[in-house]
Structures are given as C-alpha cells and as structure tokens.
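First comes the structure, then the notes that go with it.
Throughout, numbering of the chain's residues begins at 1 and tracks the sequence. Note that the structure is a prediction, hence the values are computed from the model and not measured.
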Amino acid sequence: MPSEFELIRRHFTRPTPQALLGPGDDCALLVPSEGMLLAVTTDMLVEGTHFLPDTDPGALGWKTLAVSLSDLAAMGARPRWALLAGSLPTDDESWVARFAAGLFACAGRHAVDLVGGDTTRGPRNLCLTAIGELPPTKALRRDRALPGDDLWLSGQTGLAALGLAHLQGRAHLGEALRETCVTALQQPLPRVELGIRLRDLAHAAIDVSDGLLADLCHVVKQSQVGAEISLARLPPLPRGIEPLLARHCQLAGGDDYEILFTAAVDRRDELAALAGELELPLWRCGSILAAPVGEVRVVDAGGQPVDFAARGFDHFA
C-alpha cells in the first residue's frame, strides 16, 4: 500500500499558480494582492458528528472545502488558498482518490489552490483552513447590523436538515425532494459570488451553518440590536413533509451554508436585481430592531409572536 507521503503526492499535490510556493516544503509561501486584507477561517468535519460513515467520499471532499468557502463568502472575501489536515482510519487509496476528486472539483469551481496540510492515522476527521482576500473597508462583519435594516436570506434553509432526517430514518421524502435535500446536505453551494457582490450593499452578514435562528442570534448580540423574523416571508416549506418538522429544519436545522444579511431599506431594488442576475432567490424575511438587544422574535403572517424554543445546533448542548 502507498505510504502517507505517496498518498499526498498522488492525490493532493496539484499545481498552485496563486502561490509562490505550494505543497512540499515546511510552509507554503503566499503573496496577497496589493492593498488587500486576508480573511482566514477553519472548519472541522468529524465522522459521526458532521457526516455519516457511509457518506460518498467525493461529496465529502466537496463539502470539506465548501463549508469554509461559505465563511469567506459571508465576509465578502474572494477565496484563494486552502490547507487540509486530516486523520484517516486506514490507507484506503480508493476512498482517498474519490475524496480528493470531490475536493478539487470544488476548488476548481472557485479558483482555490490547495497549498499544504497534514495527515495522520486516527478516527476520520477533516480540518480545512481557507484563506481569501477582500478590500480593507469592505468586510461584512456580524457587528454592523443597524436598527431599521431589512433582514435577507439567500436560497432555502432547511433542506440539508431534511436530507439528514431522511438518511437517519426520521422522515420519508419523495424521490425528487430526497435528491434535492441529500444533495443540499452533502454538497452545499457556498455563496461566494453573492458575498462579493454584497460588499457595497449589506451592513452585516453571517453564513447559516448552525441554524437560521442560532446564527441570527450571533448577529444581534454582536451588533447590540434585536431582530424580528416573519414566517410568512421565508421560503415556502416543502410539500409532503410534516409541517412541524419542516419548520424546525428551516429555522434550526443547520448545515445550510446560505447567507443571512442585513441591508438598508433603500437597497431593496438593487438586491432584487442582484437576485435575478445571480439566479438566486433572496428573501426579505424580517427586520432589525433597536430593542430588545440580543433577542430574536419570530412572528406569523399577522405579526403575532410565535413561540419557537429551538434555535440551532450546539456541540456541547
């Protein structure tokens, strides 16, 4: 069987045109574009917590990079480089080859160079660091939401959680919806272009990874504001699913990797035009309030409060 270093050479060593020095030395050497800030993020995917043991390796390779690119997108950064560290239980070269193919498919789509990393034997655990760039004054931070801002959401939250519920036998999805939801779970689409285009349109942003309400709570707490989210303005729930389960997945399911952002009311026309240009639905689903600080209120179509205790995923809850 191939050695650790042979596995790396065969499957993870590719040309790195954006790096001064890529894999093969003690460090990669990277040169940021002139006048740009670096945005750096790290995500870990652990078997049994973030993905099921029988997950397709190619889909897992895609997701391993995509979840970190989603963080860059939420900051308005353009991705450039990535580093991958992982532990693997065996030297299964077929598994590694399929994983690498999925990883580099995502990297190729977003012009990312894999410039280094590390491997070891152990329970399957993947940790990826992604590095991007953005102009110094354009970062979309969590602490910039303003009272009176509209609250916007890209795409459709809840599909990934429904896909997981199906795989775990907690829900039965029809064939078409099953494919959509499992794909959303295993091969999410980081909203990189949207994030870049929001640099001059949005005030605050976050990617939805732990659940819509949980991640909105991060924004309102760091911005020292409150928020109201309207169920009637969210994407319609999928048909044929028990409504309470579908609503729970939409508001608290997580693993969506959509962008939740705030913008001034006078940006509505520009954002509607951007949605059409990107062929990506943008839902104006609520508003930012001056008070109560740090709290998120859910309301129905008539503006009446809805009691919804679940917020999102917490590894230690």
Side-chain angles (χ1 to χ4, degrees), residues 39-43 45 59 62-80 82 102-103 105-112 128 130-135 138-142 144-145 149-161 163 180-181 183-216 218-219 229 233-235 249-250 253-263 267-268 270-286 312:
V40 184
T41 184
T42 296
D43 280 288
L45 300 182
W62 175 285
K63 185 172 184 176
T64 298
L65 178 57
V67 299
S68 291
L69 298 190
S70 181
D71 285 331
L72 295 182
M75 295 284 299
R78 183 179 299 280
R80 293 197 62 188
L103 180 82
C106 187
R109 179 164 177 165
H110 297 287
V112 173
L128 189 135
I131 305 169
E133 296 181 329
L134 73 164
K138 301 295 185 180
L140 299 174
R141 294 168 44 160
R142 299 179 181 183
R144 301 296 171 85
D149 277 359
D150 288 327
L151 182 65
W152 294 81
L153 175 68
S154 70
Q156 186 166 1
T157 58
L159 298 180
T180 297
C181 292
T183 299
L185 172 68
Q186 297 184 343
Q187 293 181 279
L189 299 176
R191 304 302 187 184
V192 171
E193 187 59 30
L194 173 63
I196 292 169
R197 299 291 294 276
L198 288 177
R199 289 174 182 170
D200 296 313
L201 296 172
H203 287 154
I206 188 171
D207 81 322
V208 182
S209 55
D210 293 324
L212 177 58
L213 294 182
D215 290 314
L216 178 54
H218 295 317
V219 173
I229 190 164
R233 292 184 178 180
L234 289 169
C249 290
Q250 182 181 60
D255 241 6
D256 299 294
Y257 305 104
E258 297 292 350
I259 296 183
L260 181 69
F261 63 96
T262 79
R267 296 293 195 176
R268 290 178 181 177
E270 292 171 273
L271 288 166
L274 179 61
E277 183 179 341
L278 297 180
E279 298 182 342
L280 174 64
L282 297 179
W283 305 88
R284 183 166 56 86
C285 59

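With hydrogens and angles disregarded, a donor-acceptor distance shorter than 3.5 Å links the side chain of Arg267 to the backbone of Asp200. Judged by distance alone, the side chain of Trp283 and the main-chain N or O of Gly155 form a donor-acceptor pair under 3.5 Å. Remark: the backbone N or O of Leu159 is not paired with any side-chain donor or acceptor of Gln250 at under 3.5 angstrom. Under a 3.5 Å cut-off, the side chain of Trp62 and the backbone N or O of Pro188 do form a donor-acceptor pair. In this structure, the side chain of Asp149 does not engage the main chain of Thr262 through any donor-acceptor pair within 3.5 Å.
Within the 4.5 Å cutoff, the side chain of Glu258 has no heavy atoms near those of the Asp207 side chain. Counting heavy atoms from C-beta on, the side chains of Leu128 and Leu45 never come closer than 4.5 Å. Side-chain contact check for Arg191 versus Leu280: some heavy-atom pair is nearer than 4.5 Å. Side chains of Pro281 and Gln156 form no contact here, defined as non-hydrogen atoms less than 4.5 Å apart. Between Leu140 and Ile259, the closest side-chain pair of non-hydrogen atoms is not below 4.5 Å. Side-chain contact between Arg284 and Arg268 is present, with heavy atoms from C-beta onward closer than 4.5 Å. With contacts defined as side-chain heavy-atom distances shorter than 4.5 Å, the pair Ile196/Leu134 does not qualify. Residues Ile229 and Leu153 fail the side-chain proximity criterion, which asks for heavy atoms closer than 4.5 Å.
For the atom pair Ser154 OG and Asp256 CG, the distance stands at 9.0 Å (nearest 0.5 Å). Note that the CG atom of Leu69 and the CZ atom of Arg78 stand 12.5 Å from one another [nearest 0.5 Å].
In this model, a donor atom of one side chain and an acceptor atom of the other lie less than 3.5 Å apart for Asp71 and Thr41.
For the pair Ala66 and Pro190, the tightest heavy-atom approach, listed with the atom from each and the gap, is O-CB, 3.7 Å. The two atoms that bring Ala205 and Ala74 nearest to each other are CB-O, 3.4 Å, heavy atoms only. Nearest heavy-atom pair across Ala263 and Ala202 is CB-CA, 4.2 Å. Pairing each heavy atom of Gln187 with each of Ala59, the nearest pair is CG-CB, 3.7 Å. The two residues Arg142 and Ala204 come nearest to each other via the heavy atoms O-CB, 4.1 Å. Nearest heavy atoms, Val219 versus Ala145: CG1-CB, 4.0 Å.
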Working note: Leu274 + Leu198, criterion side chain to side chain contact (heavy atoms under 4.5 Å, CB included); need CA distance, chi angles, decisive distance, verdict. CA-CA 9 Å; Leu274 179 61; Leu198 288 177; 4.2 Å; yes

Could you give me the CA-CA distance, side-chain angles and deciding distance for Lys63 and Asp255, then say whether salt bridge (Lys or Arg N to Asp or Glu O under 4.0 Å) is met? CA-CA 10 Å; Lys63 185 172 184 176; Asp255 241 6; 2.8 Å; yes

Show, in sequence, the C-alpha distance, side-chain angles and deciding distance for Cys285 and Trp152, and conclude whether the side chain to side chain contact (heavy atoms under 4.5 Å, CB included) test is met. CA-CA 6 Å; Cys285 59; Trp152 294 81; 6.0 Å; no

Show, in sequence, the C-alpha distance, side-chain angles and deciding distance for Val67 and Tyr257, and conclude whether the side chain to side chain contact (heavy atoms under 4.5 Å, CB included) test is met. CA-CA 7 Å; Val67 299; Tyr257 305 104; 3.3 Å; yes

In sequence, state the C-alpha distance, the side-chain angles, and the governing distance for Leu216 and Ile206, and then conclude on side chain to side chain contact (heavy atoms under 4.5 Å, CB included). CA-CA 8 Å; Leu216 178 54; Ile206 188 171; over 6 Å; no

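Ion pairing between Arg80 and Glu133 holds under the 4.0 Å rule for side-chain N and carboxylate O.
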